[in-house]
There are 2 protein chains.
Amino acid sequence: MSVRERKERERANRHQLIVCTARELAESDGWDAVTTRRLAERIEYSQPVLYSHFRGKREILGAVALEGFAELTGALRAAAKGPAGRGTVAALARTYIGFATDNPALYDAMFSLDNGLPFAEESTPAPLQEAFGVLRDHLADYAHPDEPGLFVEAFWAALHGLVTLTRAGRLPAERLPDRLTLLVDRFVSR
Amino acid sequence: MSVRERKERERANRHQLIVCTARELAESDGWDAVTTRRLAERIEYSQPVLYSHFRGKREILGAVALEGFAELTGALRAAAKGPAGRGTVAALARTYIGFATDNPALYDAMFSLDNGLPFAEESTPAPLQEAFGVLRDHLADYAHPDEPGLFVEAFWAALHGLVTLTRAGRLPAERLPDRLTLLVDRFVSR
DNA sequence: TCGATTGTCTAGCGGTGCTAGGATTGCCGC
DNA sequence: GCGGCAATCCTAGCACCGCTAGACAATCGA
């Protein structure tokens, strides 16, 4: 039985190797450069091996995205340690933007590209729901009591808009912190 | 001389035909379906003809996007006829979201995909600057007088975030109008 | 030890953006 | 009217893409 276990362990390792390599490659050269051929070469296996782990390129993207959600949740949790209030909301927003700018390819896999993950459904993976939950817990105080979800969604959308427009070169990056402050003021005022 | 003029006219017509066909194809089947082969077949020319008009696929995207900016400007101008105030801002926001949902592929060409157009520079094409100008003119009243630009950019980013997250399936579409109202309230209050 | 199963690779399919080079067209000066 | 020439367009092909069928080797169980 030990042989079987070893094989499963090796297979799991290779699975993780694929995900890590895809992420590295995407972060250094962009997702366009993450082709099955290049990826296979990096992990030193042939392309078909990739398809014995994932249904296709999209599923690899989804696996990378899932990693991202776990990391984002951790980062947001760490930023939300302080007392409830405007300062914490600002810290959450800064953390979110920081995560996106530090891991652009990862962020794309999570929110911009088609990763096949279900959003806003009961089948939504746990790491994904948790990240949203952290935001909701610390923003609910400022929302209309009947609709905390709507408020968080709107705030999240605003952050996401800032991220995407900035990185696509639609907004100059220099004033990003100022836009962020302005946004937090608007959402947390009163 | 008339012959030369006719040729130039025909060439301009074909140029426009390419742009229109690309847009139609994208709107009906998505930008992934807009390949040089399909596009060439639709306009009943061979692929190399496309490259005598545009440097490549990206430049075709840019041409379509430019059309979009002109149309968006027109739509926003029409929506801004009324008196300054919350109602007009709400109308502008609704118009923006409506434009994006009615022309998803066009919107992608303008704001999500890589179209090669320069943003926020002196060389930014006029139709693009105008669209932003309409928003600025009607939002300036609510901004900090020193930084009207920042305010408009943040508002625009929030709208853009709503659009992209909704169409990517990250936010359920049903409550989009409610999120929009919430957003306008936050930006226009006080 | 031998058959069956599992795992991996080679080779190839139809598709992509893009381009070199030949063929054809139609204009112009004679 | 006609030959030379330039502009125009198309055929054919490059290297690459995601993905897969089928051959082959290695390993396992009887």
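As a basis for the values below, the full set of heavy atoms in this structure was taken, side chains included, without hydrogen atoms, waters or symmetry mates. Small disclaimer: the values here were computed from a predicted structure and weren't measured.
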Please set out all donor-acceptor pairs under 3.5 angstrom arising from side-chain atoms of residues 151-161 of chain A, sequence neighbours excluded.
from	atom 1	to	atom 2	distance (Å)
A/Glu153	OE1	B/Arg179	NE	2.5
A/Glu153	OE1	B/Arg179	NH2	3.0
A/Trp156	NE1	A/Tyr96	OH	2.8
A/His160	ND1	A/Tyr107	OH	2.7
A/His160	NE2	B/Thr164	OG1	3.4

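Residue B/Thr35 is classed as a sugar-phosphate contact, given heavy-atom separations below 4.0 Å to backbone atoms only. At the heavy-atom level, A/Arg14 lies under 4.0 Å from the strands shown only through sugar-phosphate atoms. Within the nucleic acid shown, A/Arg38 comes within 4.0 Å of sugar-phosphate atoms alone, with no base atom in reach, counting heavy atoms only.
Both A/His53 and A/Gln47 lie near DNA chain C, and the one whose nearest nucleotide falls closer to the 5' end is A/His53. Of the two residues contacting DNA chain D, namely A/Tyr51 and B/Ser46, the nearest-nucleotide position lying further toward the 5' end is that of B/Ser46.
A straight line from CD1 of B/Ile18 to C1' of D/dC9 spans 13 Å, rounded to a whole angstrom. Put simply, OH on B/Tyr45 is 13 Å from C1' on C/dT25, counting in whole angstrom units. When rounded to the nearest whole Å, the span between CG of A/Leu39 and P of D/dC17 equals 11 Å. To the nearest angstrom, C1' of C/dG17 lies 14 Å from CD of B/Glu59. Between the CG atom of A/Leu61 and the P atom of D/dC19 there is a distance of 11 Å, given to the nearest Å. As rounded to whole Å, 12 Å separates atom P of C/dT8 from atom CG of A/Leu50. Atom P of nucleotide D/dC16 and atom NZ of A/Lys57 are separated by 15 Å, given to the nearest angstrom. Counting to the nearest Å, the C1' atom of C/dC18 and the CD1 atom of B/Ile60 are 12 Å from each other.
The phosphate of C/dC18 (OP1 or OP2) has no side-chain N or O of B/Thr36 nearer than 4.0 angstrom.
Just one residue in the list A/Thr101, A/Ile97, A/Leu171 forms a side chain to side chain contact (heavy atoms under 4.5 Å, CB included) with A/Thr166, and that residue is A/Leu171.
Taking the six-membered ring for Trp and the full ring otherwise, B/Phe69 and B/Phe111 have centroids separated by under 6.0 Å.
In this structure, B/Arg14 forms a cation-pi arrangement with B/Tyr45, its terminal cationic atom sitting closer than 6.0 Å to the ring centre and no more than 45° off the ring axis.
Applying the side-chain hydrogen bond (donor to acceptor under 3.5 Å, both in side chains) definition to pairs two or more places apart or across chains, those involving residues 20-44 of chain A are A/Arg23-A/Glu67, A/Arg23-A/Glu71.
Applying the 3.5 Å distance criterion, the base of C/dG17 shares a donor-acceptor pair with the side chain of B/Arg37.
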